[in-house]
Amino acid sequence: MKVKALKGFKDIIPDEVDIYRFIEETSRDIFHRFEFREIRVPVLEKTDLFVRSLGTATDIVEKEMYTFTDRNGESVTMRPEGTASVLRAYIEQGLHAARPLQKLYTIGPMFRHERPQKGRLRQFHQISVEAVGIDHPWLDAEVMAMAHLILTNLNINASLEINSLGCPECRPGFNQALRQFLEDCDPLCDDCLRRRRTNPLRVLDCKNEQCQTQYQEAPVIINHLCSECAAHFQAVEAGLNLLRVPYTVNSFMVRGLDYYRRTTFELLTDDLGAQSAVGAGGRYDGLINELGGPDVPGLGFAMGIERIALLLEMQDTVHEKAHTDLFIAALGPEAQKKAFPASHFLREKGISVTMDVMDRSLKSQMKQADRTGAHFVLILGEEELKKGEAQLRDMRTRDQKPLPLQTDSFTWSADILNILKSGLKS
Ligand code: HAM
């Protein structure tokens with residue numbers, strides 16, 4: 001029986017990898033401009049890290065984590081997101097001592113046992129960003145502007161929605177008001193009935209239509225912010241306006257993670273059906289301290305690479321595919337013996353070379369050269385051997401140049417290299 005990949009786990013084949021790399025490289029370029037530096041953290045952590053960071057009443061901790069007992073009897077979890085691991089590393093490596101503001105990003109796989117569908121996988125990839133150390137509202141604006149710029153540079157049109165979830169000072173008052181409101185709501189689904197007690201804010205995220213209709217009248221958190229949270233939110237809005245980043249306030253936005261305080265945001269698209277969030281994040285002041293680190297604030301966001309890749313695939317833009325510099329079409333054993341070492345000498349000099357050793361016709365080799373997007377083709381058939389010169393063709397300009405065959409492949413490859421570097425016309 002054929003062994004297949006697990007449900008929700010996907011192979012990323014070379015054409016898709018080209019798109020993933022394009023997304024990653026575009027993001028890295030933007031990170032560099034904003035002075036964010038890469039950190040790499042393990043995919044496996046102690047379960048406790050995620051339980052403490054994400055919150056026990058979240059979907060992820062309640063039912064989506066890949067948790068198992070390892071051979072030492074310790075409970076470990078495949079990371080469902082990047083923030084907890086990056087903050088653990090920030091604390092463990094003493095990064096707060098190195099710089100007052102640490103701007104970090106990480107790119108890699110995350111694991112959630114969700115129901116797979118378009119844009120939702122069980123192993124997916126995130127570009128995950130954290131800015132740790134200061135709570136200035138302009139940092140919130142800058143981080144959102146950076147997320148927005150990455151998507152703009154990828155030619156993706158996503159709208160930015162923002163909200164504030166308040167802080168431990170003002171959220172209890174809002175929770176109380178929301179609980180009171182929910183007392184009068186009837187009927188409610190089982191999840192909402194449970195969350196009404198445990199985590200009332202999360203009910204607003206319910207997908208049940210009957211619940212949602214009633215919640216349209218629910219109290220909104222923006223009206224319950226303490227004066228500091230309200231001032232922070234106002235300054236974040238002012239910062240976004242200064243940077244000319246378009247946004248809307250969505251006071252019903254609820255995030256699926258419990259660590260958020262104050263600013264939260266989502267980058268949404270209409271083109272992915274139910275999975276409309278291309279990226280999301282927010283502030284998590286207090287979390288680092290709760291995890292045993294210094295009392296420093298922080299915020300961040302993550303974007304789903306699979307969702308961005310789906311959006312790029314919908315566009316008709318051609319993404320630069322890795323192409324071959326030179327395709328060698330050598331026919332017959334004599335020509336191949338000449339070309340084979342030349343292909344190696346050229347690769348040593350940094351040229352990418354494809355050479356056909358399957359004795360196929362010139363026509364099918366030229367077809368393959370086209371498919372591989374080869375810039376140059378070196379044709380070395382029996383006729384060329386007889387004449388004592390191969391033909392070097394530029395596939396983009398269609399210019400062609402004869403290349404005298406000298407006896408040794410090494411000198412011959414040096415001639416090819418010169419022509420590739422200076423162009424066929426010179
Ligand atoms: P999140 O909202 O859980 O936030 O995920 C961020 C993004 O990851 C989503 O907007 C989506 O694009 C992508 N994503 C999430 N789950 C899946 C899935 N099952 N399949 C495909 N893509 C998915 C976080 O993870 C936070 N750690 C973000 C953050 C960083 N907040 C502060 N710092």
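Just follow the structure's listing: the first ligand is 1, and inside any ligand the first atom is 1. For the numbers below, each heavy atom of this structure counts, side chains included, while hydrogens, waters and symmetry mates do not.
- Side-chain polar atoms of Asn163 and Ser251 form no donor-acceptor pair below 3.5 angstrom.
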Criterion salt bridge (charged side-chain N to carboxylate O under 4.0 Å, His left out) on Asp59 and Arg195, from CA distance to verdict: CA-CA 11 Å; Asp59 278 352; Arg195 288 196 162 132; 2.7 Å; yes

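- Side chains of Thr67 and Thr77: a donor on one and an acceptor on the other come within 3.5 Å.
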Chi angles and distances behind the salt bridge (charged side-chain N to carboxylate O under 4.0 Å, His left out) call for Asp18, Arg21: CA-CA 5 Å; Asp18 285 336; Arg21 288 185 58 153; over 6 Å; no

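- The aromatic rings of Tyr259 and Tyr284 sit perpendicular to each other, their planes meeting at more than 60°, with 30° as the lower class boundary.
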Provide, line by line, the atom pairs where ligand 1 and the protein bring an N/O atom each to a distance under 3.5 Å; else say none.
unit_1   : atom_1 : unit_2 : atom_2 : d
ligand 1 : 2 (O)  : Arg255 : NH1    : 3.4
ligand 1 : 2 (O)  : Arg255 : NH2    : 2.6
ligand 1 : 3 (O)  : Arg112 : NH1    : 3.0
ligand 1 : 3 (O)  : Arg112 : NH2    : 2.9
ligand 1 : 4 (O)  : Arg255 : NH2    : 3.3
ligand 1 : 5 (O)  : Gln126 : NE2    : 3.2
ligand 1 : 8 (O)  : Gln126 : NE2    : 3.1
ligand 1 : 10 (O) : Ala277 : O      : 3.4
ligand 1 : 12 (O) : Ala277 : O      : 3.0
ligand 1 : 12 (O) : Val278 : O      : 3.0
ligand 1 : 12 (O) : Gly304 : N      : 3.2
ligand 1 : 16 (N) : Arg112 : NH1    : 3.4
ligand 1 : 19 (N) : Glu114 : OE2    : 2.7
ligand 1 : 19 (N) : Leu121 : O      : 2.8
ligand 1 : 20 (N) : Leu121 : N      : 3.0
ligand 1 : 25 (O) : Arg112 : NH2    : 3.1
ligand 1 : 25 (O) : Gln126 : NE2    : 3.0
ligand 1 : 27 (N) : Glu81  : OE1    : 2.5
ligand 1 : 27 (N) : Thr83  : OG1    : 2.8
ligand 1 : 27 (N) : Tyr259 : OH     : 3.0
ligand 1 : 31 (N) : Tyr260 : OH     : 2.6
ligand 1 : 33 (N) : Thr83  : OG1    : 3.2
ligand 1 : 33 (N) : Glu130 : OE1    : 2.9
ligand 1 : 33 (N) : Glu130 : OE2    : 3.3
ligand 1 : 33 (N) : Phe301 : N      : 3.3

Derivation of the salt bridge (charged side-chain N to carboxylate O under 4.0 Å, His left out) call for Arg99 and Glu35: CA-CA 12 Å; Arg99 291 168 184 232; Glu35 291 188 294; 5.9 Å; no

